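Please read the structure below before turning to the comments.
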Amino acid sequence: MAPVACLTTVPAEAQAHQSFHANDAASAVVVIPGAINTDKGVNDEYEPLKNLLELSKQILTENDRGGYTIPAKGLYPYQWNWDSALVALGWATLDEGRAWQELEMLFSAQWEDGLVPHIVFHKPSPTYFPGPEIWGSVEQPMGTTGITQPPVAAITVRKLYEEGVNKELAMQKAKELFPKLLAWHRWFQTARDPHGTGLVATLHPWESGMDNSPAWDEPLHNVPVDPIPPYVRKDLGHVDSAMRPKQEEYDRFLTLVYRFRAVNYDCTKLYFLSPFRVTDLCTNAVLYRANLDLRWLATELGENEIAEEIDGWVEKAHKAFDTLYDAKAGMYKSKDQLTGKLLAAKTSAGFLPLFARVASAEQAASLAATLERWLDCVKSGIPSYDPEAANFEPLRYWRGPVWAIINWMITDGLRAYGYEDLACRVEADTYELLVSHGISEYYNPVTGAAAGGKLFSWTAAMCLAWLSKAATPAC
Ligand SMILES: O=C(O)[C@@H](CO)O[C@H]1O[C@H](CO)[C@@H](O)[C@H](O)[C@H]1O
(Lines give C-alpha, C1' and ligand atoms only; values in the text may rest on other atoms or scores of the structure.)
Protein backbone atom coordinates (compact mmCIF):
# COMPACT_ATOMS: atom_id res chain seq x y z
CA MET A 1 0.00 0.00 0.00
CA ALA A 2 1.34 3.36 -1.00
CA PRO A 3 1.62 6.16 1.53
CA VAL A 4 -1.22 8.64 1.99
CA ALA A 5 0.22 10.96 -0.63
CA CYS A 6 -1.22 8.54 -3.18
CA LEU A 7 -4.69 8.71 -1.72
CA THR A 8 -5.81 11.18 -4.30
CA THR A 9 -5.99 8.30 -6.77
CA VAL A 10 -9.09 6.81 -5.24
CA PRO A 11 -10.78 3.84 -6.94
CA ALA A 12 -13.48 4.98 -9.36
CA GLU A 13 -16.22 2.92 -7.73
CA ALA A 14 -15.56 4.72 -4.49
CA GLN A 15 -16.40 8.02 -6.06
CA ALA A 16 -19.81 6.88 -7.20
CA HIS A 17 -22.68 8.61 -5.49
CA GLN A 18 -23.93 6.62 -2.58
CA SER A 19 -27.23 6.84 -0.80
CA PHE A 20 -27.76 7.76 2.80
CA HIS A 21 -30.45 5.43 4.06
CA ALA A 22 -30.18 6.21 7.70
CA ASN A 23 -33.17 4.05 8.54
CA ASP A 24 -31.77 1.02 6.90
CA ALA A 25 -29.04 -0.18 9.20
CA ALA A 26 -28.43 -3.20 7.00
CA SER A 27 -27.77 -1.16 3.87
CA ALA A 28 -24.14 -0.97 2.90
CA VAL A 29 -24.82 1.76 0.38
CA VAL A 30 -25.07 5.36 1.39
CA VAL A 31 -26.39 8.35 -0.54
CA ILE A 32 -24.69 11.66 -0.20
CA PRO A 33 -26.86 14.56 -1.27
CA GLY A 34 -25.65 15.97 -4.58
CA ALA A 35 -25.15 19.34 -2.93
CA ILE A 36 -21.84 18.34 -1.51
CA ASN A 37 -20.35 18.02 -4.97
CA THR A 38 -21.18 21.60 -5.85
CA ASP A 39 -18.54 23.40 -3.83
CA LYS A 40 -16.53 24.90 -6.67
CA GLY A 41 -13.65 25.90 -4.43
CA VAL A 42 -12.60 22.36 -3.69
CA ASN A 43 -10.01 20.54 -5.71
CA ASP A 44 -11.49 17.53 -7.53
CA GLU A 45 -8.88 15.33 -5.99
CA TYR A 46 -10.50 15.82 -2.62
CA GLU A 47 -14.07 14.95 -3.62
CA PRO A 48 -13.98 11.49 -2.01
CA LEU A 49 -12.76 12.95 1.27
CA LYS A 50 -15.34 15.67 1.10
CA ASN A 51 -18.06 13.10 0.52
CA LEU A 52 -16.83 11.04 3.44
CA LEU A 53 -16.84 14.04 5.73
CA GLU A 54 -20.36 14.99 4.70
CA LEU A 55 -21.53 11.43 5.26
CA SER A 56 -19.78 11.29 8.64
CA LYS A 57 -21.54 14.44 9.71
CA GLN A 58 -24.87 13.00 8.62
CA ILE A 59 -24.22 9.78 10.53
CA LEU A 60 -23.49 11.60 13.79
CA THR A 61 -26.53 13.79 13.30
CA GLU A 62 -28.78 10.80 12.52
CA ASN A 63 -27.43 8.83 15.48
CA ASP A 64 -27.78 11.78 17.88
CA ARG A 65 -30.44 11.01 20.48
CA GLY A 66 -30.39 14.43 22.11
CA GLY A 67 -27.04 14.91 23.81
CA TYR A 68 -25.70 11.40 23.34
CA THR A 69 -24.92 9.38 20.23
CA ILE A 70 -25.89 5.77 19.67
CA PRO A 71 -23.22 3.67 17.88
CA ALA A 72 -25.63 2.39 15.20
CA LYS A 73 -29.37 2.22 14.67
CA GLY A 74 -31.02 -1.03 15.72
CA LEU A 75 -27.84 -2.92 16.58
CA TYR A 76 -26.70 -0.61 19.42
CA PRO A 77 -29.54 1.73 20.49
CA TYR A 78 -28.03 3.11 23.72
CA GLN A 79 -25.04 5.19 24.82
CA TRP A 80 -21.83 3.15 24.98
CA ASN A 81 -18.91 4.31 27.09
CA TRP A 82 -15.76 4.28 24.92
CA ASP A 83 -17.83 4.86 21.78
CA SER A 84 -19.06 8.16 23.21
CA ALA A 85 -15.58 9.30 24.22
CA LEU A 86 -14.37 8.65 20.66
CA VAL A 87 -17.49 10.08 19.04
CA ALA A 88 -16.97 13.31 21.01
CA LEU A 89 -13.74 13.78 19.05
CA GLY A 90 -15.83 13.77 15.88
CA TRP A 91 -18.44 16.13 17.32
CA ALA A 92 -15.65 18.54 18.28
CA THR A 93 -14.97 19.17 14.59
CA LEU A 94 -18.63 20.17 14.09
CA ASP A 95 -19.79 21.66 17.37
CA GLU A 96 -17.61 21.89 20.48
CA GLY A 97 -20.57 22.34 22.81
CA ARG A 98 -22.07 19.10 21.52
CA ALA A 99 -18.77 17.29 22.06
CA TRP A 100 -18.66 18.29 25.73
CA GLN A 101 -22.33 17.35 26.11
CA GLU A 102 -21.60 13.81 24.89
CA LEU A 103 -19.20 13.37 27.81
CA GLU A 104 -21.53 15.06 30.27
CA MET A 105 -24.32 12.63 29.36
CA LEU A 106 -21.97 9.71 29.86
CA PHE A 107 -20.79 10.96 33.26
CA SER A 108 -24.37 11.71 34.33
CA ALA A 109 -24.62 7.92 34.73
CA GLN A 110 -21.48 7.58 36.89
CA TRP A 111 -21.98 5.41 39.97
CA GLU A 112 -21.30 6.60 43.50
CA ASP A 113 -18.26 4.33 43.73
CA GLY A 114 -16.74 5.99 40.64
CA LEU A 115 -17.59 3.37 37.98
CA VAL A 116 -18.60 4.77 34.61
CA PRO A 117 -20.81 2.08 33.10
CA HIS A 118 -20.25 0.43 29.75
CA ILE A 119 -23.80 1.16 28.55
CA VAL A 120 -26.26 3.86 29.65
CA PHE A 121 -29.88 2.93 28.92
CA HIS A 122 -31.22 6.47 28.57
CA LYS A 123 -34.41 5.43 26.75
CA PRO A 124 -36.03 2.00 26.35
CA SER A 125 -35.37 0.11 23.13
CA PRO A 126 -36.61 -3.30 21.98
CA THR A 127 -33.71 -3.90 19.56
CA TYR A 128 -30.80 -4.83 21.89
CA PHE A 129 -30.11 -7.75 24.19
CA PRO A 130 -29.23 -7.78 27.07
CA GLY A 131 -31.08 -4.59 27.99
CA PRO A 132 -31.88 -2.90 31.32
CA GLU A 133 -34.21 -5.66 32.53
CA ILE A 134 -31.45 -8.26 32.35
CA TRP A 135 -28.84 -6.08 34.07
CA GLY A 136 -31.45 -5.33 36.75
CA SER A 137 -34.69 -7.26 36.72
CA VAL A 138 -38.02 -7.08 34.89
CA GLU A 139 -39.55 -5.52 38.01
CA GLN A 140 -36.62 -3.17 38.49
CA PRO A 141 -34.71 -2.53 35.28
CA MET A 142 -31.32 -0.83 35.73
CA GLY A 143 -30.43 2.44 34.08
CA THR A 144 -26.95 1.21 33.23
CA THR A 145 -24.87 -1.92 33.03
CA GLY A 146 -22.68 -2.76 36.05
CA ILE A 147 -19.36 -3.11 34.25
CA THR A 148 -17.11 -0.60 32.49
CA GLN A 149 -15.09 -0.17 29.26
CA PRO A 150 -11.62 1.14 28.29
CA PRO A 151 -11.40 4.65 29.85
CA VAL A 152 -10.91 6.85 26.79
CA ALA A 153 -12.71 9.90 28.27
CA ALA A 154 -9.69 11.67 29.86
CA ILE A 155 -7.85 11.44 26.53
CA THR A 156 -10.81 13.14 24.85
CA VAL A 157 -11.10 15.82 27.54
CA ARG A 158 -7.44 16.77 27.11
CA LYS A 159 -7.87 16.97 23.34
CA LEU A 160 -11.02 19.07 23.57
CA TYR A 161 -9.36 21.32 26.13
CA GLU A 162 -6.11 21.74 24.23
CA GLU A 163 -7.46 21.98 20.70
CA GLY A 164 -10.84 23.62 21.35
CA VAL A 165 -11.44 27.08 19.91
CA ASN A 166 -13.82 28.12 22.68
CA LYS A 167 -11.28 28.30 25.51
CA GLU A 168 -13.72 29.61 28.09
CA LEU A 169 -16.09 26.71 27.49
CA ALA A 170 -13.18 24.26 27.53
CA MET A 171 -11.95 25.54 30.89
CA GLN A 172 -15.41 25.39 32.44
CA LYS A 173 -16.19 21.88 31.15
CA ALA A 174 -12.74 20.47 31.95
CA LYS A 175 -13.07 21.77 35.52
CA GLU A 176 -16.49 20.15 35.88
CA LEU A 177 -15.42 16.82 34.41
CA PHE A 178 -12.04 16.57 36.14
CA PRO A 179 -13.30 15.27 39.54
CA LYS A 180 -15.51 12.74 37.76
CA LEU A 181 -12.64 11.46 35.65
CA LEU A 182 -10.48 11.27 38.74
CA ALA A 183 -13.13 9.28 40.62
CA TRP A 184 -13.30 6.78 37.75
CA HIS A 185 -9.52 6.42 37.52
CA ARG A 186 -9.33 5.96 41.32
CA TRP A 187 -12.04 3.30 41.02
CA PHE A 188 -9.78 1.43 38.58
CA GLN A 189 -6.91 1.55 41.08
CA THR A 190 -8.96 0.22 43.98
CA ALA A 191 -11.74 -1.95 42.52
CA ARG A 192 -9.63 -3.46 39.75
CA ASP A 193 -6.16 -3.56 41.28
CA PRO A 194 -6.78 -4.22 44.98
CA HIS A 195 -3.31 -5.76 45.41
CA GLY A 196 -1.58 -2.73 43.87
CA THR A 197 0.17 -4.53 41.02
CA GLY A 198 0.08 -1.47 38.75
CA LEU A 199 -2.18 -3.14 36.16
CA VAL A 200 -5.96 -3.37 36.36
CA ALA A 201 -8.23 -6.37 35.90
CA THR A 202 -10.98 -6.76 33.33
CA LEU A 203 -13.78 -9.01 34.55
CA HIS A 204 -15.96 -9.41 31.47
CA PRO A 205 -15.05 -9.63 27.77
CA TRP A 206 -17.55 -6.78 27.17
CA GLU A 207 -15.40 -4.59 29.43
CA SER A 208 -12.42 -5.06 27.12
CA GLY A 209 -14.37 -3.65 24.17
CA MET A 210 -12.86 -6.51 22.12
CA ASP A 211 -15.53 -8.96 23.17
CA ASN A 212 -14.61 -12.16 21.30
CA SER A 213 -10.87 -11.55 20.96
CA PRO A 214 -8.97 -14.83 20.54
CA ALA A 215 -7.05 -13.74 23.65
CA TRP A 216 -10.18 -14.53 25.69
CA ASP A 217 -10.70 -18.05 24.30
CA GLU A 218 -8.85 -19.81 27.09
CA PRO A 219 -9.98 -17.73 30.09
CA LEU A 220 -13.56 -17.70 28.80
CA HIS A 221 -13.50 -21.44 28.26
CA ASN A 222 -12.69 -21.76 31.98
CA VAL A 223 -15.94 -19.96 32.87
CA PRO A 224 -18.55 -22.62 33.63
CA VAL A 225 -21.93 -22.01 31.99
CA ASP A 226 -24.59 -21.65 34.68
CA PRO A 227 -28.22 -22.71 34.17
CA ILE A 228 -29.19 -19.20 33.05
CA PRO A 229 -32.71 -18.28 31.87
CA PRO A 230 -33.34 -18.93 28.15
CA TYR A 231 -32.69 -15.88 25.98
CA VAL A 232 -32.93 -14.68 22.39
CA ARG A 233 -30.01 -12.78 20.89
CA LYS A 234 -31.06 -9.67 19.01
CA ASP A 235 -27.69 -8.92 17.41
CA LEU A 236 -28.27 -11.75 14.92
CA GLY A 237 -31.38 -9.97 13.66
CA HIS A 238 -29.17 -7.06 12.57
CA VAL A 239 -25.90 -8.66 11.49
CA ASP A 240 -24.91 -11.98 9.87
CA SER A 241 -23.97 -14.57 12.50
CA ALA A 242 -20.64 -15.14 10.70
CA MET A 243 -19.63 -11.63 11.82
CA ARG A 244 -20.62 -11.99 15.49
CA PRO A 245 -19.50 -13.88 18.61
CA LYS A 246 -20.64 -17.49 18.87
CA GLN A 247 -23.39 -18.89 21.10
CA GLU A 248 -20.97 -20.55 23.53
CA GLU A 249 -19.39 -17.14 24.08
CA TYR A 250 -22.77 -15.47 24.68
CA ASP A 251 -23.71 -18.18 27.21
CA ARG A 252 -20.61 -17.25 29.18
CA PHE A 253 -21.10 -13.50 28.71
CA LEU A 254 -24.58 -13.94 30.24
CA THR A 255 -23.38 -16.26 33.00
CA LEU A 256 -20.98 -13.53 34.12
CA VAL A 257 -23.72 -10.89 34.07
CA TYR A 258 -26.01 -13.03 36.24
CA ARG A 259 -23.19 -13.78 38.70
CA PHE A 260 -22.33 -10.09 38.97
CA ARG A 261 -25.99 -9.17 39.33
CA ALA A 262 -26.35 -11.64 42.21
CA VAL A 263 -23.99 -9.45 44.31
CA ASN A 264 -25.50 -6.22 43.03
CA TYR A 265 -22.32 -5.41 41.07
CA ASP A 266 -20.58 -4.65 44.37
CA CYS A 267 -17.14 -3.56 43.20
CA THR A 268 -15.48 -4.79 46.40
CA LYS A 269 -16.65 -8.33 45.58
CA LEU A 270 -16.54 -8.68 41.80
CA TYR A 271 -12.75 -8.82 41.49
CA PHE A 272 -12.63 -11.76 43.91
CA LEU A 273 -15.58 -13.75 42.64
CA SER A 274 -15.38 -13.38 38.87
CA PRO A 275 -14.39 -16.60 37.09
CA PHE A 276 -13.01 -14.41 34.30
CA ARG A 277 -10.18 -12.07 35.32
CA VAL A 278 -7.62 -10.89 32.82
CA THR A 279 -5.04 -8.14 32.45
CA ASP A 280 -6.33 -6.73 29.18
CA LEU A 281 -3.79 -4.87 27.06
CA CYS A 282 -6.38 -2.54 25.56
CA THR A 283 -7.84 -1.43 28.90
CA ASN A 284 -4.43 -1.03 30.49
CA ALA A 285 -2.89 0.81 27.54
CA VAL A 286 -5.86 3.17 27.29
CA LEU A 287 -5.84 3.70 31.06
CA TYR A 288 -2.09 4.42 31.04
CA ARG A 289 -2.48 7.02 28.31
CA ALA A 290 -5.60 8.43 29.98
CA ASN A 291 -3.63 8.77 33.23
CA LEU A 292 -0.93 10.74 31.41
CA ASP A 293 -3.63 13.03 30.03
CA LEU A 294 -5.41 13.31 33.38
CA ARG A 295 -2.09 14.24 34.98
CA TRP A 296 -1.61 16.91 32.34
CA LEU A 297 -5.08 18.28 33.12
CA ALA A 298 -4.34 18.20 36.86
CA THR A 299 -1.31 20.41 36.29
CA GLU A 300 -3.30 22.77 34.06
CA LEU A 301 -5.94 23.10 36.75
CA GLY A 302 -3.38 23.61 39.52
CA GLU A 303 -4.17 20.27 41.18
CA ASN A 304 -0.58 19.42 42.06
CA GLU A 305 -1.26 16.88 44.79
CA ILE A 306 -3.50 14.96 42.44
CA ALA A 307 -0.80 15.10 39.77
CA GLU A 308 1.54 13.41 42.27
CA GLU A 309 -1.05 10.77 43.05
CA ILE A 310 -1.34 9.99 39.33
CA ASP A 311 2.46 9.89 39.00
CA GLY A 312 2.41 7.04 41.50
CA TRP A 313 -0.05 5.03 39.37
CA VAL A 314 1.88 5.68 36.18
CA GLU A 315 5.23 4.73 37.67
CA LYS A 316 3.92 1.43 38.95
CA ALA A 317 2.10 0.63 35.71
CA HIS A 318 5.21 1.43 33.68
CA LYS A 319 7.21 -1.28 35.44
CA ALA A 320 4.32 -3.75 35.36
CA PHE A 321 3.83 -3.38 31.59
CA ASP A 322 7.16 -5.13 31.03
CA THR A 323 5.64 -8.31 32.46
CA LEU A 324 3.26 -8.31 29.48
CA TYR A 325 6.01 -8.11 26.86
CA ASP A 326 6.91 -11.34 25.08
CA ALA A 327 10.35 -10.55 23.65
CA LYS A 328 10.46 -13.73 21.58
CA ALA A 329 7.20 -12.87 19.85
CA GLY A 330 8.10 -9.16 19.59
CA MET A 331 4.63 -8.42 21.00
CA TYR A 332 2.81 -7.47 24.15
CA LYS A 333 0.22 -9.98 25.35
CA SER A 334 -2.73 -9.96 27.72
CA LYS A 335 -2.58 -12.15 30.80
CA ASP A 336 -4.95 -14.51 32.57
CA GLN A 337 -4.84 -13.35 36.19
CA LEU A 338 -6.42 -16.59 37.41
CA THR A 339 -3.72 -18.84 35.94
CA GLY A 340 -0.94 -16.24 35.93
CA LYS A 341 -0.14 -17.10 32.29
CA LEU A 342 0.40 -14.73 29.37
CA LEU A 343 -2.28 -15.41 26.75
CA ALA A 344 -0.74 -16.71 23.54
CA ALA A 345 -2.95 -14.84 21.05
CA LYS A 346 -1.27 -11.98 19.19
CA THR A 347 -3.96 -9.34 18.74
CA SER A 348 -4.01 -5.72 17.61
CA ALA A 349 -4.23 -4.75 21.29
CA GLY A 350 -0.58 -5.83 21.42
CA PHE A 351 0.38 -2.64 19.55
CA LEU A 352 -1.51 -0.33 21.93
CA PRO A 353 1.44 0.16 24.34
CA LEU A 354 2.62 2.52 21.57
CA PHE A 355 -0.54 4.60 22.07
CA ALA A 356 0.16 4.50 25.81
CA ARG A 357 3.82 5.56 25.26
CA VAL A 358 4.88 2.81 27.63
CA ALA A 359 7.02 0.77 25.19
CA SER A 360 10.79 1.27 25.10
CA ALA A 361 12.46 2.26 21.81
CA GLU A 362 13.57 -1.33 21.36
CA GLN A 363 10.11 -2.74 22.06
CA ALA A 364 8.60 -0.18 19.67
CA ALA A 365 11.00 -1.34 16.93
CA SER A 366 9.86 -4.95 17.39
CA LEU A 367 6.21 -3.89 17.34
CA ALA A 368 6.75 -1.90 14.15
CA ALA A 369 8.43 -4.90 12.50
CA THR A 370 5.59 -7.20 13.56
CA LEU A 371 3.02 -4.74 12.30
CA GLU A 372 4.73 -4.46 8.94
CA ARG A 373 4.64 -8.23 8.59
CA TRP A 374 0.93 -8.27 9.41
CA LEU A 375 0.20 -5.53 6.88
CA ASP A 376 2.07 -7.44 4.18
CA CYS A 377 -0.28 -10.40 4.74
CA VAL A 378 -3.54 -8.53 4.10
CA LYS A 379 -5.07 -6.14 1.60
CA SER A 380 -5.96 -3.56 4.26
CA GLY A 381 -4.80 -3.30 7.84
CA ILE A 382 -4.71 -3.41 10.73
CA PRO A 383 -6.24 -6.86 11.28
CA SER A 384 -7.42 -7.30 14.85
CA TYR A 385 -5.72 -10.69 15.05
CA ASP A 386 -2.50 -12.19 13.69
CA PRO A 387 -3.31 -12.90 10.01
CA GLU A 388 -0.87 -15.82 10.06
CA ALA A 389 -2.68 -17.59 12.90
CA ALA A 390 -4.54 -20.77 11.95
CA ASN A 391 -7.78 -19.48 13.54
CA PHE A 392 -7.66 -16.01 11.95
CA GLU A 393 -11.23 -15.12 10.85
CA PRO A 394 -11.28 -12.02 8.64
CA LEU A 395 -15.03 -11.48 9.05
CA ARG A 396 -15.72 -12.30 12.66
CA TYR A 397 -15.77 -9.20 14.84
CA TRP A 398 -12.56 -8.99 16.93
CA ARG A 399 -11.01 -12.15 15.46
CA GLY A 400 -9.61 -10.57 12.31
CA PRO A 401 -11.53 -7.50 11.06
CA VAL A 402 -10.08 -3.99 10.87
CA TRP A 403 -11.45 -1.35 13.28
CA ALA A 404 -10.84 2.32 12.44
CA ILE A 405 -10.66 3.37 16.10
CA ILE A 406 -7.83 0.94 16.79
CA ASN A 407 -6.04 2.12 13.64
CA TRP A 408 -6.25 5.68 14.97
CA MET A 409 -4.77 4.71 18.32
CA ILE A 410 -1.94 2.68 16.80
CA THR A 411 -1.17 5.39 14.24
CA ASP A 412 -0.96 7.96 17.02
CA GLY A 413 1.50 5.67 18.80
CA LEU A 414 3.58 4.95 15.69
CA ARG A 415 4.03 8.69 15.11
CA ALA A 416 5.06 9.29 18.71
CA TYR A 417 7.84 6.72 18.25
CA GLY A 418 8.95 8.13 14.89
CA TYR A 419 7.42 5.50 12.57
CA GLU A 420 5.93 8.08 10.24
CA ASP A 421 5.90 5.92 7.08
CA LEU A 422 4.15 3.09 8.82
CA ALA A 423 1.63 5.53 10.32
CA CYS A 424 0.96 6.88 6.82
CA ARG A 425 0.51 3.36 5.52
CA VAL A 426 -2.13 2.57 8.14
CA GLU A 427 -3.85 5.87 7.46
CA ALA A 428 -3.90 5.15 3.74
CA ASP A 429 -5.39 1.70 4.34
CA THR A 430 -8.07 3.11 6.63
CA TYR A 431 -8.97 5.90 4.26
CA GLU A 432 -9.28 3.56 1.32
CA LEU A 433 -11.49 1.18 3.28
CA LEU A 434 -13.89 3.97 4.17
CA VAL A 435 -13.90 5.58 0.74
CA SER A 436 -14.40 2.29 -1.07
CA HIS A 437 -16.72 0.50 1.33
CA GLY A 438 -18.61 3.10 3.38
CA ILE A 439 -18.62 3.94 7.07
CA SER A 440 -19.11 0.64 8.84
CA GLU A 441 -18.42 -0.94 12.20
CA TYR A 442 -15.47 -2.97 10.88
CA TYR A 443 -13.91 -4.28 7.65
CA ASN A 444 -12.63 -7.55 6.24
CA PRO A 445 -8.83 -7.09 5.99
CA VAL A 446 -8.53 -9.62 3.18
CA THR A 447 -11.20 -8.24 0.82
CA GLY A 448 -11.81 -4.79 2.31
CA ALA A 449 -15.56 -5.48 2.49
CA ALA A 450 -17.56 -3.61 5.11
CA ALA A 451 -18.93 -5.71 7.97
CA GLY A 452 -21.02 -5.42 11.14
CA GLY A 453 -23.26 -2.40 11.70
CA LYS A 454 -23.58 0.23 8.98
CA LEU A 455 -23.49 4.02 9.26
CA PHE A 456 -21.40 3.61 12.37
CA SER A 457 -20.76 6.51 14.72
CA TRP A 458 -17.20 5.94 15.92
CA THR A 459 -15.97 5.19 12.40
CA ALA A 460 -17.61 8.44 11.26
CA ALA A 461 -15.95 10.25 14.16
CA MET A 462 -12.54 8.89 13.15
CA CYS A 463 -13.14 10.24 9.69
CA LEU A 464 -13.91 13.72 11.01
CA ALA A 465 -11.28 13.88 13.73
CA TRP A 466 -8.43 11.93 12.18
CA LEU A 467 -8.61 11.07 8.49
CA SER A 468 -9.77 14.53 7.47
CA LYS A 469 -6.47 15.86 8.78
CA ALA A 470 -4.34 12.94 7.68
CA ALA A 471 -5.52 12.35 4.13
CA THR A 472 -3.54 15.15 2.53
CA PRO A 473 -0.54 15.09 0.24
CA ALA A 474 1.53 16.38 3.14
CA CYS A 475 1.62 12.93 4.71
O1 LIG B 1 -21.49 -6.51 20.69
C2 LIG B 1 -22.04 -5.87 21.58
O3 LIG B 1 -23.21 -6.08 21.91
C4 LIG B 1 -21.30 -4.76 22.31
C5 LIG B 1 -21.28 -5.10 23.81
O6 LIG B 1 -20.72 -4.04 24.53
O7 LIG B 1 -19.94 -4.60 21.89
C8 LIG B 1 -19.59 -4.03 20.64
O9 LIG B 1 -20.28 -2.82 20.38
C10 LIG B 1 -20.01 -1.72 21.26
C11 LIG B 1 -20.77 -0.53 20.72
O12 LIG B 1 -20.22 -0.11 19.52
C13 LIG B 1 -18.49 -1.45 21.36
O14 LIG B 1 -18.26 -0.53 22.37
C15 LIG B 1 -17.70 -2.72 21.63
O16 LIG B 1 -16.33 -2.44 21.57
C17 LIG B 1 -18.09 -3.77 20.60
O18 LIG B 1 -17.38 -4.94 20.81
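Worth saying up front: this structure is predicted, and the values here are computed from it rather than measured. Heads up: numbering here begins at 1 and tracks the sequence.
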Which of these, Y385, W82, W408, Y442, sits in a ring-ring contact (aromatic ring centres under 6.0 Å, His included) with W403? Y442
Students often mix this up, so state it plainly: with edges at 30° and 60°, are the rings of [X] and [Y] parallel, tilted or perpendicular?
| X | Y | result |
| --- | --- | --- |
| Y78 | W80 | tilted |
| W135 | H204 | tilted |
| W313 | H185 | tilted |

So, [X] side chain and [Y] main chain: donor-acceptor pair closer than 3.5 Å or not?
| X | Y | result |
| --- | --- | --- |
| R261 | G136 | yes |
| N284 | V200 | yes |
| R192 | A201 | yes |
| Y431 | L49 | yes |
| T93 | G90 | yes |
| Q110 | K180 | yes |
| R244 | V239 | no |
| S334 | L281 | yes |
| R399 | N212 | yes |
| T69 | R65 | no |

Using every non-hydrogen atom in the two residues, find where [X] and [Y] come nearest and quote the distance to one decimal.
| X | Y | value |
| --- | --- | --- |
| L371 | V426 | CD2-CG2, 4.5 Å |
| F260 | S274 | CZ-OG, 3.5 Å |
| P214 | A345 | C-CB, 3.8 Å |
| S348 | P383 | CB-O, 3.6 Å |
| N304 | T299 | OD1-CA, 4.4 Å |
| L422 | A368 | CD2-O, 3.6 Å |

Answer with yes or no whether the side chains of [Y] and [X] bring together a donor and an acceptor at under 3.5 Å.
| X | Y | answer |
| --- | --- | --- |
| Y76 | E441 | yes |
| T148 | H118 | no |
| Q363 | S360 | yes |
| E427 | N407 | no |
| Q172 | E168 | no |
| T202 | E207 | no |
| T144 | W111 | yes |

Could you tell me whether [X] and [Y] have a side-chain N and a carboxylate O separated by less than 4.0 Å?
| X | Y | answer |
| --- | --- | --- |
| K159 | D293 | no |
| K316 | D193 | no |
| D376 | R425 | yes |
| E54 | K50 | no |
| K73 | E62 | yes |
| E104 | K173 | yes |
| R98 | D95 | no |
| E300 | R158 | no |

Test item: [X] and [Y] side chains (from C-beta on) under 4.5 Å apart, heavy atoms:
| X | Y | answer |
| --- | --- | --- |
| D280 | P205 | no |
| Y325 | S366 | yes |
| R186 | T190 | no |
| W184 | N81 | yes |
| V278 | Q337 | no |
| F121 | Q79 | no |
| P401 | S384 | yes |
| F355 | I410 | no |

Pairing residues for R252 by the side chain to side chain donor-acceptor pair (under 3.5 Å) criterion, not counting sequence neighbours: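 R252: no side chain to side chain donor-acceptor pair (under 3.5 Å) contacts found.
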Please evaluate residues F276 and H221 with respect to the criterion ring pair (Phe, Tyr, Trp, His ring centres under 6.0 Å), reporting the C-alpha separation (whole Å), side-chain torsions for both, the decisive distance (0.1 Å), and the verdict. CA-CA 9 Å; F276 179 92; H221 182 78; over 10 Å; no
The test is salt bridge (charged side-chain N to carboxylate O under 4.0 Å, His left out); show your working for R357 and D412 and say whether it passes. CA-CA 10 Å; R357 318 289 194 253; D412 171 279; 2.7 Å; yes
Please step through ring pair (Phe, Tyr, Trp, His ring centres under 6.0 Å) for the pair F351 and W374, ending with a clear verdict. CA-CA 12 Å; F351 300 112; W374 282 28; 5.0 Å; yes
Dump the intermediate steps for ring pair (Phe, Tyr, Trp, His ring centres under 6.0 Å) on H122 and Y68, then the final yes or no. CA-CA 9 Å; H122 291 287; Y68 70 95; 4.2 Å; yes
Applying salt bridge (charged side-chain N to carboxylate O under 4.0 Å, His left out), run through D326 and K333 and close with a yes or a no. CA-CA 7 Å; D326 177 347; K333 292 182 173 167; 2.7 Å; yes
Hits for side chain to side chain contact (heavy atoms under 4.5 Å, CB included) against D211, two or more places apart or cross-chain, chain-then-number order -> W206, F253, Y397, W398
